[in-house]
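Each remark here refers to the structure printed beneath this line.
Values in this document were obtained by computation on a predicted structure and should not be read as measured data.
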Amino acid sequence: MVDTDSGWDGRGGRGRRGARDTRGAHAADAIPNRRVAVPDRRVAAPDRRTALPGRRVAAVSLVALAALATGCGPGTVTGVPEASPEVRPTQAAAPSPTRTAPVTDDAKPRTAPPPPSPSASTAPPAPAPAPTTARPAPEPSTAPPPRVLMRTGSESDRVRELQARLRQIGHFGRNPTGYYGSVTADAVRSFQAKRSLPVTGSTDEVTWQRLLAMTRVPKAAELRPPTERPLAAPDERCLTGRVLCISKNSRTLAWMIDGKVVSAMDVRFGSEYMPTREGVFEVFWKSRDHVSTLYDTPMPYALFFSGGQAVHYSADFAANGYGGASHGCVNVRDKKKVAALFDQVRTGDKVVVYW
């Protein structure tokens, strides 16, 4: 419908006032149409009789249509509920890489189980080594260690038998003494090592039974061979009375009464730095279980004849022989013989030490 007061003459001419009013009217109509919907443009565009053909009005309409067509953002269109669902699904419906990407070789391990291990499927466990390496032998883990029968420091007739049996098979190169010293311990270690036994140096039940099975019962001469060395010709000072006649040359002690030898035994002396005194003395003190106050060592069956020097039993001499020396005393290695001597000698009996 045409407003005759608007200044439109039907040919496109307009008055100054009419044009200004027309722009105001169309501008007010254009803004609501932009907010409502796109179909308003399709309806209003063909109606050239009602729309102003002015260039500025058309430009405003085209700008509004361009904004709607390009989707400048859902936030700029507040009155059009239909446009928002069309834009958001388009943006939110972007394909997700995890849902739509095809499965490739890199993705296979995420969806498919890993291939079975060749060792688990083809190689069976070795049956033989498992019991021998993983499971310890039952005896060491459950049974207590064998009982020790003899060790360093032991002294008995069984030690003498041990030494005699070891000597039969070449492990002990001396006469039996009955004392378990370092020489005996080394002989036991040698025997244990050769028989694949635990090498301890102590004689336990297993070691003893193995030795018994390999040797015979020692004879009396093997158990108690003559321990005295060949006696030297006695000094003339030894031929009368009760005398302990001690020869440094033959390293022997002869217990003599009126020139007759009652017993004899091997002895050793002090070193060159602490020598045993030579001369004629007498026994002035007897001490059966004596312990040295200077060296804190036992001196059983001590017969003192010159200061701190005495005839006594020496466990070290019994164990190590002539490999060592005393601190000046006269050491005896046969304990039974020196014990018997201790009982026979009296205080005041003569002692002769000579070469």
Side-chain angles (χ1 to χ4, degrees), residues 150-157 159-160 163 174-185 224 227-229 231 238 242-257 261-355:
M150 294 166 277
R151 56 166 56 91
T152 300
S154 301
E155 189 170 7
S156 64
D157 287 340
V159 173
R160 187 180 295 273
Q163 294 167 338
R174 302 184 180 184
N175 290 333
T177 63
Y179 178 77
Y180 205 119
S182 60
V183 175
T184 305
R224 299 181 182 276
T227 56
E228 62 271 5
R229 300 167 62 88
L231 291 174
C238 301
R242 299 164 60 90
V243 183
L244 291 172
C245 193
I246 303 170
S247 170
K248 284 188 172 181
N249 185 34
S250 63
R251 294 187 287 187
T252 59
L253 181 155
W255 167 233
M256 301 179 68
I257 300 177
V261 177
V262 178
S263 65
M265 57 206 72
D266 299 338
V267 293
R268 75 177 183 181
F269 306 98
S271 66
E272 59 178 333
Y273 303 103
M274 289 180 286
T276 303
R277 302 181 187 100
E278 301 165 13
V280 179
F281 312 92
E282 65 179 32
V283 176
F284 68 89
W285 182 34
K286 295 174 61 175
S287 180
R288 184 179 296 273
D289 298 311
H290 190 76
V291 177
S292 172
T293 57
L294 291 176
Y295 306 105
D296 194 28
T297 55
M299 298 170 56
Y301 308 109
L303 301 168
F304 288 91
F305 62 89
S306 176
Q309 295 186 356
V311 175
H312 67 85
Y313 169 73
S314 170
D316 181 75
F317 182 29
N320 300 314
Y322 291 98
S326 72
H327 295 98
C329 291
V330 178
N331 292 160
V332 181
R333 64 181 174 186
D334 192 319
K335 193 173 186 179
K336 285 190 174 181
K337 285 188 175 183
V338 74
L341 179 68
F342 182 86
D343 293 335
Q344 297 174 32
V345 173
R346 305 168 189 165
T347 302
D349 286 346
K350 188 165 46 175
V351 178
V352 178
V353 182
Y354 68 101
W355 277 99

Short side-chain to backbone donor-acceptor contact, R160 and T177, under 3.5 Å: yes
Partner of F305 under side chain to side chain contact (heavy atoms under 4.5 Å, CB included), chosen from V330, V352, D349, L244: V330
Report yes or no: does R242 contribute a side-chain atom to a donor-acceptor pair with the main-chain N or O of V345 at less than 3.5 Å? no
Flag the pair K337 and D266 as a salt bridge only when some basic side-chain nitrogen lies within less than 4.0 angstrom of an acidic carboxylate oxygen. no
Looking only at atom types and distance, does a side-chain atom of K335 sit under 3.5 Å from a main-chain N or O of Y313, one as donor and one as acceptor? no
Nearest 0.5 angstrom please: S156 OG to Y179 OH, how far? 12.0 Å
Within the 4.5 Å heavy-atom criterion, are V353 and R277 side-chain neighbours or not? no
Should the ring pair Y295 and H327 be called parallel, tilted or perpendicular, given that the plane angle runs from 0 to 90° and is split at 30 and 60? parallel
Please round to the nearest 0.5 Å and tell me the distance separating atom OG1 of T184 and atom CZ of R174. 8.5 Å
Run the salt-bridge test on D157 and R224 with the 4.0 Å N-O cut-off and return the result as yes or no. yes
With side chains defined as the heavy atoms from C-beta onward, is the minimum distance between F317 and H312 less than 4.5 Å? no
Could you report the tightest heavy-atom contact between F269 and T276, atom names first, then the distance? CB-OG1, 3.5 Å
Heavy-atom side-chain proximity of K286 to D343 below 4.5 angstrom: no
Any heavy-atom pair between the side chains of L341 and M265 that's under 4.5 Å? yes
After noting the C-alpha distance and the side-chain angles of R288 and Y301, does the key distance pass the side-chain contact (heavy atoms from CB on, under 4.5 Å) rule? CA-CA 4 Å; R288 184 179 296 273; Y301 308 109; 3.7 Å; yes
How close do R268 and G321 get, heavy atom to heavy atom, and via which atoms? NH1-O, 3.0 Å
Sub-4.5 Å side-chain heavy-atom contact between Q309 and F281: no
Close side-chain approach of S247 and Y354, heavy atoms under 4.5 Å: yes
